Amino acid sequence: MSTILVVAEHDGGKLNPSTLKCVSCASKIPGATVDVLVLAADSSAVAAQAATVAGVGKVLAVDNPANAEAVAAVLAPQVAKLAADYSHVFGPSTTFGKDLMPRVAALLGVGQVSDVMAVEGPHRFKRPVYAGNAVLTLEVPAGDKVVATVRVASFEAAAAGGSATIAKVDPGVATPTHTRFVSRSGATTGRPDLQAASRVVAGGRALGSADGFKLIYSLADKLGAAVGASRAAVDAGYVPNDLQIGQTGKIIAPELYIGIGISGAIQHMTGIKDARTIVAINKDGEAPIFEAADLGLVGDLFAIVPELEKQLG
Amino acid sequence: MRRIIVGVKRVVDYNVRVRVKPDNSGVVTEGVKMSINPFDEIALEEALRIKERGLADEVLAVSIGPADAQQQLRTALAMGADRAVLVQTAVVVPPLSVARIFRKLIEKEQPFLVLLGKQAIDDDNGQTAQMLGGIWDRPQAVSCSKVEIADGKATITREVDAGLEVLEIDLPAVLSVDLRLNEPRYVKLPDIMKAKKKPLDVLGLADFGVSEASPFTTVKVEPPPQRQKGVMVKDVAELVDALKKKGLL
């Protein structure tokens, strides 16, 4: 039988939605028991939240001042130690999980399955390769511990309604001091989170400047949408890096994606192809994004976007 | 000798439209343009800049791959690496084995920094730096967008979902680099000529006692499901209408 440990992503006070996706992915393995591991300075708030997630059997809570910030080198030996009792260890394929999980796998002496997009069996998974231009189905040997990151855009969030027990545990391992958290800065915009939003408005280089990008923000606010960008727009300095969608940025799966002035390079399309509806607005009717768009409109974005905002009322 | 090791992987070029083989065993790589993994190029550029700032004496470029990976190592030497090592193997070496090979090279070469790309654009695993950090028991910084080195320490800015994170790490350490760290230099013709004279050692996997076998079995490789082309609308009013019909507004 599969016993799965999901490593929770959180900010010290709140569980990140990526954890709900991991629980959902883990629950796809028939007959699996799913436990959640919360590593924090004070785990109580996050552990209590994790305990309410449907499908979770037990929450393991580790309190340690060293865990105040998620530093992979500090967390990895604790996860590896607690993984001993489990057949599978899952983390989200967010920057948190991408940083941590391979280090855990290496400490356990096993390979890692990156970006699980579908579960085919307890040891068989699908994952994207070549920027999503091919899908690999692979099998982990039956006797091996499975360490995997979960492509969060591929799974629904696990529902609420669980009542798991919370167990305080002490992994009893030394944590290194060679890696020290200094600071984190990010735009606290008040807008929805790009990876969790049901609507996303994204802009490309055609916006022309940071000032031009205001059109995107304005439309997004009208729709209650998150703001995203192509790599070209980020590289040009119109918007910060955390807005980048694509192979090396964020993979999103909103209900509605509106790409404005985005041509649709393969690397960007990788990030949006799980969107339920793709709308493309571009002056070039030959732009590749129209090949994948459900609704396309050719024209000058500087005329179309204000008009669209107006017609939304 | 203050040394930096840089990983250089030979991959299908960024601009190639990858096709899945008809027998679903993999993707077509025969007759396809191959290049240095773009993230590795950024790692190499950063190593060269650190050396140019007088903070390192030697940049060693390492590739693990087929005999043809010598081409990518020659490019690395032309960019400015001082010497190169190819660990030659005909099979694809999985990330944990790559990390173990680097671990053995570290024992021999004693670098203060190992710079790798944050992922290779073929298998998109994004694991090697973190795995090396784990088995080496040294700091890792993943997706670096800024690297500052002073007094046996490095201050790293790295790209995270929330924005940017700053870490202070002791050296030696392993870093994986992100796109915005720098813009790699172009190789000039005289540098290509000079690179031919730089040392390039070819070793075998047997020299490392590391298994190249993948821990996983490939069941199949398929093309991704394609999205169908939708409809073109003629103006904003039609677009708003269509969105309303889909229940999206």
Side-chain angles (χ1 to χ4, degrees), chain A residues 72-73 76 94-95 98-99 102-103 105-107 110-115 124 128-141 144 178-187 195 235 240-242 248 250 255-256 273 277 279 290-298 304 307-308 311-312, chain B residues 12 18 20 27 94-96 99 121-127 130-131 133-135 137-140 142-143 145 155 159-170 178-180 214-224 227 229-233 235-237 239-240 242-243 246 248-249:
Chain A
T94 55
T95 53
K98 286 178 180 174
D99 190 18
R103 192 164 176 124
L107 294 178
V110 296
Q112 176 187 275
V113 185
S114 293
D115 299 317
R124 187 176 284 209
V129 292
Y130 289 93
N133 286 303
V135 175
L136 166 66
T137 304
L138 63 79
E139 177 98 16
V140 182
D144 280 11
H178 53 48
T179 308
R180 297 169 291 276
F181 174 87
V182 177
S183 64
R184 189 175 301 116
S185 58
Q195 273 161 311
D235 283 352
N241 66 285
D242 50 307
T248 70
K250 286 172 183 166
E255 291 294 314
L256 174 63
K273 63 184 168 206
T277 298
V279 175
F290 288 121
E291 291 303 313
D294 299 283
L295 292 166
L297 177 54
V298 178
I304 290 172
E307 176 65 20
L308 176 57
Q311 293 204 20
L312 290 173
Chain B
V12 172
V18 170
V20 171
V27 303
L96 183 56
I121 61 163
D122 49 5
D123 56 30
D124 283 331
N125 275 314
Q127 301 172 1
Q130 301 89 311
M131 288 183 156
I135 58 176
D137 199 14
R138 293 301 306 167
Q140 71 187 41
V142 169
S143 299
S145 60
T155 304
E159 301 201 359
V160 295
D161 288 335
L164 297 171
E165 181 178 287
V166 180
L167 293 177
E168 185 190 72
I169 59 176
D170 296 336
D178 216 320
L179 284 171
R180 279 170 283 275
S214 170
F216 308 141
T217 315
T218 294
V219 179
K220 60 184 169 188
V221 178
E222 301 163 290
R227 286 188 80 101
K229 188 175 160 71
V231 296
M232 301 300 282
V233 293
D235 56 26
V236 171
L239 175 61
V240 171
L243 287 172
K246 283 175 176 279
L248 288 165
L249 290 179

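Letters A, B, ... mirror the listed sequences (proteins, then strands); counts begin at 1. Quick caveat: nothing in here was measured; it's all calculated off a predicted structure. Only heavy atoms go into these numbers, but all of them, side chains included; no hydrogens, no water, no symmetry mates.
- Residues B:Pro95 and A:Gln112 form no side-chain contact, since every pair of their non-hydrogen atoms from C-beta on lies 4.5 Å or further apart.
- Within the 4.5 angstrom heavy-atom criterion, atoms from both the backbone and the side chain of A:Ala134 approach chain B.
- Of the two parts of B:Ser143, neither the backbone nor the side chain holds a non-hydrogen atom closer than 4.5 Å to a non-hydrogen atom of chain A.
- With a threshold of 4.5 angstrom between heavy atoms, B:Pro94 does not approach chain A through any atom at all.
- If you measure heavy-atom distances from B:Leu249 to chain A, the contacts under 4.5 Å come from both the backbone and the side chain.
- Taken from CG in B:Leu179 to OG1 in A:Thr248, the straight-line distance is 4.5 Å, to the nearest 0.5 Å.
- When side chains are defined from C-beta on, B:Val142 does not count as touching A:Lys98, because their heavy atoms never get closer than 4.5 Å.
- Note: B:Leu164 leads B:Asp178, B:Leu164, B:Ile169, B:Val221 in heavy-atom pairs under 4.5 Å with chain A.
- The line from CG of A:Leu295 to CG of B:Leu239 is 6.0 Å long, rounded to the nearest 0.5 Å.
- B:Val20 touches chain A through its side chain: at least one heavy atom from C-beta onward sits under 4.5 Å away, while N, CA, C and O do not.
- When heavy atoms are compared at a cutoff of 4.5 Å, A:Ile304 approaches chain B by way of both its backbone and its side chain.
- Of the two parts of B:Leu96, only the side chain, counted from C-beta on, holds a non-hydrogen atom closer than 4.5 Å to a non-hydrogen atom of chain A.
- Across all their heavy atoms, B:Asp124 and A:Tyr130 have their closest contact at OD2-N, 3.5 Å.
- Inter-residue side-chain proximity for A:Asn133 and B:Val27 is flagged as unmet; no heavy-atom pair is nearer than 4.5 Å.
- Looking only at heavy-atom pairs under 4.5 Å with chain B, the residue among A:His178, A:Arg184, A:Glu291, A:Arg124 that has the most is A:His178.
- With chain B as partner, the option from A:Ala72, A:Ala73, A:Ala105, A:Pro141 having the largest number of non-hydrogen pairs under 4.5 angstrom is A:Pro141.
- Among A:Ala131, A:Ala76, A:Pro128, the residue making the largest number of heavy-atom pairs under 4.5 Å with chain B is A:Ala131.
- Ranking A:Val110, A:Asp294, A:Leu312 against chain B, the residue ahead of the rest is A:Asp294, based on heavy-atom pairs under 4.5 Å.
- For chain B, the nearby part of A:Asp115 is the side chain; its heavy atoms alone come within less than 4.5 Å.
- The two residues B:Gln130 and A:Asp99 come nearest to each other via the heavy atoms CG-O, 3.3 Å.
- Looking at B:Val231, both its backbone and its side chain come within 4.5 Å of chain A, counting heavy atoms on both sides.
- Side-chain contact between A:Thr95 and B:Glu159 is absent, with no heavy-atom pair separated by less than 4.5 Å.
- Here the closest heavy-atom approach between residue A:Asn241 and residue B:Val160 is recorded as ND2-O, 4.3 Å.
- Among the candidates B:Val12, B:Ile121, B:Thr155, B:Val240, the residue making the largest number of heavy-atom pairs closer than 4.5 Å to chain A is B:Ile121.
- When all heavy atoms of B:Pro215 and A:Gly111 are compared, the closest pair comes out as CG-CA, 4.1 Å.
- Put simply, CG on A:Leu136 and NZ on B:Lys220 are 10.5 Å apart, with the number rounded to the nearest 0.5 Å.
- When all heavy atoms are compared, the tightest approach of A:Leu308 to B:Val236 is CA-CG1, 3.5 Å.
- A heavy-atom distance below 4.5 Å is not found between the side chains of A:Val129 and B:Asp122.
- The most heavy-atom pairs under 4.5 Å with chain A, out of B:Thr217, B:Asp137, B:Ile135, come from B:Thr217.
- Comparing A:Glu307, A:Lys250, A:Glu255 by heavy-atom pairs within less than 4.5 Å of chain B, the highest count is held by A:Lys250.
- Looking at A:Val279, the atoms closer than 4.5 Å to chain B (heavy atoms on both sides) all sit in the side chain, from C-beta outward.
- Residues B:Gln127 and A:Ser114 have side chains that bring a donor and an acceptor to within less than 3.5 angstrom of each other.
- Closest heavy-atom contact between B:Ala237 and A:Gln311: CA-OE1, 3.3 Å.
- Looking only at side-chain heavy atoms (C-beta outward), A:Asp235 and B:Arg180 come within less than 4.5 Å of each other.
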